[in-house]
Amino acid sequence: MTPDQIILALDVHDPKEALSWVDRFQGRIGTFKIGLQLFSANGPSLVREMRKKNVAIFLDLKLHDIPNTVAKSIEALCQLDLRFLTIHCSGGRAMMEAAAQAALPFPQTTLLGVTVLTHLSDDDVRELGYDHSSSGQVLHFARLAQSSGVQALVCSPLEVPLLRREFPPEAMKLVTPGVRPLGSATDDQSRIATPQQSLAEGSTHVVIGRPILNAPDPDAVLDSLLS
Ligand code: C5P
């Protein structure tokens, strides 16, 4: 796989550690993902610092609020010159339409609709009150996202074949967390595949965190992905 297909989830607390991962893997990983943990601890200044290193940033805040609040937040966050920014599809049509409209002046930023979080099983999805299995719910959210103007999604690797039957790559980017190289621990992810399988089935990018960050030899894990 290519560096551009890999997104490293920087799920750490310490900004120095986050920056050292960026320095270590710059050029070998296309995009670095700042999630709620790192952003809550360090805010926009860390994003600016990383952008000064000229790496692409995925800000994974999974926005979910009333349409006006989401739109205004997107206007503010897009000033940080992001490659990807997440919103929850479960926020509904009006929220996604407002989000897509707010992101229009920032063509360098792709809004990603989060479908069903990858740790949720079918039972969890039904317990939340949805009528579908998790994959049925993902398809439902994907159709809603597309008709609301959101042209890229986060989904589990297990839903990629189902989504690709309906959405060709030029119509919908698919970013998949929940990937585990052979031999890695599954941690709390439940709908998983290897990164190679996920890309072969039609993912545009894979998000990998703990299998690299917690590995005894992170460079070896990355090298095996890039070979
Ligand atoms: O460590 P791991 O490889 O499981 O990291 C996956 C990353 O992808 C985490 O940062 C997690 O928040 C994120 N994510 C996810 N499932 C989603 C959306 C994002 O696991 N549906």
Side-chain angles (χ1 to χ4, degrees), residues 1 5-14 17-18 21-22 25 29-42 46-47 50 56-64 82-91 96 110-122 124-125 128 130 133-135 137-142 144-145 150 152-160 162-163 172-199 203-216 218 221-222 224-225:
M1 78 191 65
Q5 291 173 311
I6 305 176
I7 299 172
L8 181 66
L10 292 170
D11 292 330
V12 297
H13 199 76
D14 177 9
E17 185 184 349
W21 285 114
V22 170
F25 290 139
I29 284 184
T31 306
F32 293 85
K33 184 170 89 68
I34 298 179
L36 270 180
Q37 179 187 2
L38 195 56
F39 193 77
S40 302
N42 302 284
L46 180 65
V47 182
M50 284 193 190
I57 302 297
F58 173 170
L59 190 57
D60 188 15
L61 299 186
K62 300 187 179 72
L63 303 177
H64 187 176
L82 307 170
R83 181 169 189 200
F84 295 112
L85 174 63
T86 42
I87 61 172
H88 265 292
C89 296
S90 56
M96 285 194 278
T110 298
L111 275 189
L112 291 171
V114 175
T115 52
V116 175
L117 295 173
T118 43
H119 74 289
L120 294 172
S121 65
D122 283 348
D124 296 327
V125 169
L128 281 168
Y130 295 116
S133 61
S134 45
S135 52
Q137 190 58 37
V138 168
L139 188 58
H140 181 80
F141 278 146
L144 183 63
V150 173
L153 295 172
V154 181
C155 64
S156 116
L158 300 195
E159 278 94 41
V160 170
L162 176 76
L163 292 174
M172 190 64 91
K173 286 192 175 119
L174 297 179
V175 173
T176 50
V179 290
R180 290 290 179 270
L182 285 178
S184 296
T186 55
D187 305 305
D188 53 0
Q189 298 284 13
S190 75
R191 304 199 317 283
I192 58 172
T194 67
Q196 292 85 349
Q197 273 168 333
S198 193
L199 290 166
S203 291
T204 326
H205 304 274
V206 289
V207 179
I208 310 179
R210 289 163 290 183
I212 292 180
L213 302 188
N214 295 347
V221 176
L222 182 57
S224 72
L225 293 174

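Both ligands and their constituent atoms are indexed starting at 1 by order of listing. Small disclaimer: the values here were computed from a predicted structure and weren't measured.
Panel note: side chain S203, backbone S198; a donor-acceptor pair is recorded below 3.5 Å. T110 places no side-chain N or O within 3.5 Å of a backbone atom of F84 that could act as its donor or acceptor partner.
Atom 6 (C) of ligand 1 has Q189 NE2, 3.7 Å as its closest protein atom, hydrogens excluded (heavy atom only). Atom 3 (O) of ligand 1 has G209 N, 2.8 Å as its closest protein atom, hydrogens excluded (heavy atom only). Closest to atom 8 (O) of ligand 1 among all protein heavy atoms lies P177 CB, 3.3 Å. Counting only heavy atoms of the protein, atom 19 (C) of ligand 1 lies nearest to K62 NZ, 3.4 Å. Closest to atom 16 (N) of ligand 1 among all protein heavy atoms lies T118 OG1, 2.7 Å. With hydrogens left out, the protein atom closest to atom 11 (C) of ligand 1 is K33 NZ, 4.1 Å, a heavy atom.
Under a 4.0 Å criterion applied to the non-hydrogen atoms of A9, ligand 1 contributes the atoms 7 (C), 10 (O). Shown in contact with V207 at under 4.0 Å from a heavy atom are these atoms of ligand 1, numbered in order with element: 7 (C), 8 (O). For ligand 1, the atoms sitting less than 4.0 Å from at least one non-hydrogen atom of R180 are 1 (O), 2 (P), 3 (O), 4 (O), numbered in the order shown with element in parentheses. Taking a cut-off of under 4.0 Å to the non-hydrogen atoms of I208, the atoms of ligand 1 that pass are 3 (O). Near R210, with a cut-off below 4.0 Å to any heavy atom, the atoms of ligand 1 are 1 (O), 2 (P), 3 (O), 4 (O). With ligand atoms numbered from 1 in the order given, ligand 1 contributes 5 (O), 9 (C), 10 (O) to contacts under 4.0 Å with heavy atoms of D11.
At a heavy-atom distance under 4.0 Å, atoms from both the backbone and the side chain of L117 approach ligand 1. Contacts between D60 and ligand 1 below 4.0 angstrom, taking non-hydrogen atoms only, involve the side chain exclusively. Contacts between H119 and ligand 1 below 4.0 angstrom, taking non-hydrogen atoms only, are absent altogether.
Distances between N or O atoms of D188 and those of ligand 1 include no value under 3.5 Å. Checked by distance only, ligand 1 and P211 stay at 3.5 Å or farther apart across all their nitrogen or oxygen atoms.
Contact annotation: the side chain of V138 never approaches that of L162 to less than 4.5 Å [non-hydrogen atoms, C-beta and beyond]. Side-chain contact between L38 and K33 is absent, with no heavy-atom pair separated by less than 4.5 Å. At least one side-chain heavy atom of L153 sits under 4.5 Å from a side-chain heavy atom of M172. Under the 4.5 Å side-chain criterion, counting only non-hydrogen atoms from C-beta, V206 is not in contact with L225.
Under 3.5 Å, the side chains of D122 and S133 contain no donor-acceptor pair of N or O atoms.
Using the six-membered ring where Trp is involved, H64 and H88 have ring planes that are tilted, between 30° and 60° apart.
Between L46 and N42, the shortest heavy-atom contact is CB-CB, 3.8 Å.
For the side chain to side chain contact (heavy atoms under 4.5 Å, CB included) criterion with R180, the lone passing option out of I208, I192, T194 is I192. Checking L63, T86, L85, L82 one by one against L111, the side chain to side chain contact (heavy atoms under 4.5 Å, CB included) holds for a single residue, L85.
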